[in-house]
Amino acid sequence: MEIIVAKFGGSSLCDSQQFKKVKDIVLSDNRRAYIIPSAPGKRHKGDYKITDLLFLCYEHVAKSLPFDELFKLIQERYTALCSELELSLDIFKCLSELKEKIIDGASEEYVSSRGEYLNGLILAEYLGYEFIDAAEIIVFKKSGRLDEKATYAAINSRLTKGKKAVIPGFYGACAEGKIRTFSRGGSDITGAIIAKGVGAIVYENWTDVSGFLMADPNIVNNPKHIEEVTYKELRELSYMGANVFHEEAIFPVKNNGIPINIRNTNNPMEKGTTILNDKLEVKAGIITGIAGKKDFTVIAIEKTLMNRHVGYLRRILSILENNNVGFEHIPSGIDSISLVIDDSELDNKLDIILEEIEDQCKPDSLVAYPNMALIAVVGEGMIRTKGISAKLFSALSKNNVNIRMINQGSSELSIFVGVENDDFENAIRAVYKAFED
Ligand code: ASP
């Protein structure tokens, strides 16, 4: 029997109206056997996410401050859900037990995980599915990393074939029972693990958008929707996906050839975006998407006969390493090399890094260019297609964008262009227009 694992994010489960949509979606396909809920998210701009409130409760208790008002907000959300959905779950008892535990100094991970736990209990009753506590099947090592062997063994023995279940996302437990959580947004990871564990045919990730768009809609007017994207393309487009899907959730499913389908709970008829290993058909000359990010600094280093100075690059990179600074790209020429670094990585360390490069590498010229933006043009259809870069660069020049840097990955999957921050939006619009059809 084919199995679908479906994860529903916080906005899909923020109130009873959303729960109704989720029920309709789940019950419309008998293969949706394992359902992974997040905690209730924001109902509107300016609203609170339950997980954030739980973190705040924990912090208040840790600082011996009263948290009744905060807890009341949590209480109201869950009690409204249970009464509006007409459930028999004794939510008052669950909540008062939770409050006691918080007062007694329960751990931060325990407290923050309860948003998913309670939502799981509610959704299970509402769907008429079994509730399986993630603490029983998602096993963490003492280090806080997932214990893969124990987890997949537990999934195998605990999830009975043919019996549908709701499994809360975001947390699990160590062998001795202590609750541990993934990083924020980690319900995506739980869903991916369950999908791998049960050998799902697809991992559905239900959220409030219909997947990915070819470009940022805040920059490009009404960009086209991406129907299919490969895991590799998505990685190159990672500046774009950050809010839609947790990056760590990709690995369990990718390695097992399980596609991820990003879907919209508010518009379930739309197909969403499917992320897969290989596309059935790659259209030559077509790009999949354009993504970019502002605020990089480029450190440009020149040294005559750089290629003869064995270990020159290693010395430069070890300066970055010693300062704990990662880099994004390192385009190079015969006698020059540029380090493209995200400003958030650089974090006030630029002067030290420049001094150390000057002292240890004795360059002929060393210049730092701030306020740079990176734009990635990505698509497997670009491989071995003539004229893609010509099209790209002429679009940029026609729109008066000065290209400061070019980098093409050897896989020919992407072309990265560096432009000044001020040209960023204009450049994205120009590239999109050039490749629109
Ligand atoms: N509720 C958790 C968070 O807000 C996990 C999740 O929603 O995936 O980060």
Side-chain angles (χ1 to χ4, degrees), residues 5-15 18-19 21-22 25 34-59 70-71 73-75 77-78 81 94-95 98 102 106-124 131-135 137-138 140 144-146 151 166-173 179-196 203-209 211 241-253 260-266 275:
V5 170
K7 179 253 165 180
F8 290 88
S11 59
S12 301
L13 294 165
C14 64
D15 60 20
Q18 293 298 87
F19 265 73
K21 292 182 192 169
V22 167
I25 292 167
Y34 299 109
I35 312 302
I36 319 298
S38 277
K42 295 183 183 182
R43 291 161 292 185
H44 46 79
K45 245 187 170 177
D47 195 18
Y48 309 101
K49 287 177 78 167
I50 290 289
T51 311
D52 290 337
L53 291 173
L54 287 164
F55 273 114
L56 281 174
C57 287
Y58 169 82
E59 280 164 27
L70 284 168
F71 198 80
L73 296 173
I74 298 174
Q75 205 161 326
R77 295 283 293 272
Y78 283 117
L81 273 175
C94 299
L95 286 163
L98 171 58
I102 299 177
S107 74
E108 186 173 29
E109 287 175 89
Y110 176 85
V111 175
S112 62
S113 74
R114 294 304 92 183
E116 270 72 10
Y117 173 79
L118 294 175
N119 230 19
L121 287 174
I122 292 171
L123 186 61
F131 171 79
I132 296 182
D133 191 347
I137 53 176
I138 303 290
F140 281 82
R145 293 206 181 153
L146 181 75
T151 296
V166 169
I167 305 155
F170 188 42
Y171 72 93
I179 296 291
R180 303 299 307 258
T181 54
F182 294 113
S183 53
R184 293 299 306 264
S187 298
D188 285 346
I189 308 176
T190 311
I193 292 168
I194 303 293
K196 174 181 169 180
Y203 169 30
E204 289 178 346
N205 198 281
W206 291 84
T207 175
D208 51 8
V209 290
N243 294 328
V244 179
F245 194 66
H246 197 304
E247 276 204 338
E248 278 173 56
I250 285 181
F251 302 104
V253 275
I260 303 169
N261 186 199
I262 312 273
R263 298 284 290 268
N264 189 349
T265 300
N266 304 320
I275 313 167

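When a ligand or atom number is given, it counts from 1 through the structure's own listing order.
Which parts of ligand 1 touch Lys49 is read off a 4.0 Å heavy-atom cut-off, strictly below it: atoms 4 (O).
Across all their heavy atoms, Ser11 and Thr207 have their closest contact at OG-C, 4.5 Å. Nearest heavy-atom pair, His246 versus Arg184, reported as atom, atom and distance to 0.1 Å: CD2-O, 3.2 Å.
Under the 4.0 angstrom criterion for non-hydrogen atoms, His246 is not in contact with ligand 1. Ligand 1 is approached by Gly185 to a heavy-atom distance shorter than 4.0 Å. For the ligand labelled ligand 1, residue Gly10 lies outside the 4.0 Å heavy-atom shell.
Within the 6.0 Å centre-distance limit, the rings of Phe131 and Tyr117 are counted as a close aromatic pair.
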What do the steps show when you test Tyr203 against Tyr34 for ring pair (Phe, Tyr, Trp, His ring centres under 6.0 Å), and what is the final call?
-> CA-CA 10 Å; Tyr203 169 30; Tyr34 299 109; over 10 Å; no
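The protein heavy atom nearest to atom 4 (O) of ligand 1 is Arg184 NH2, 2.9 Å. Looking from atom 6 (C) of ligand 1 to the surrounding protein, the closest heavy atom is Ser187 OG, 3.4 Å. Looking only at protein heavy atoms, the nearest one to atom 5 (C) of ligand 1 is Glu116 OE2, 3.3 Å. Looking at atom 7 (O) of ligand 1, its nearest protein heavy atom turns out to be Ser38 OG, 3.1 Å.
Atom-to-atom distance recorded for Ile194:CD1 and Ile35:CD1 is 11.5 Å, nearest 0.5 angstrom. Note that OG1 of Thr190 is 9.0 Å distant from NZ of Lys7, once rounded to the nearest 0.5 Å.
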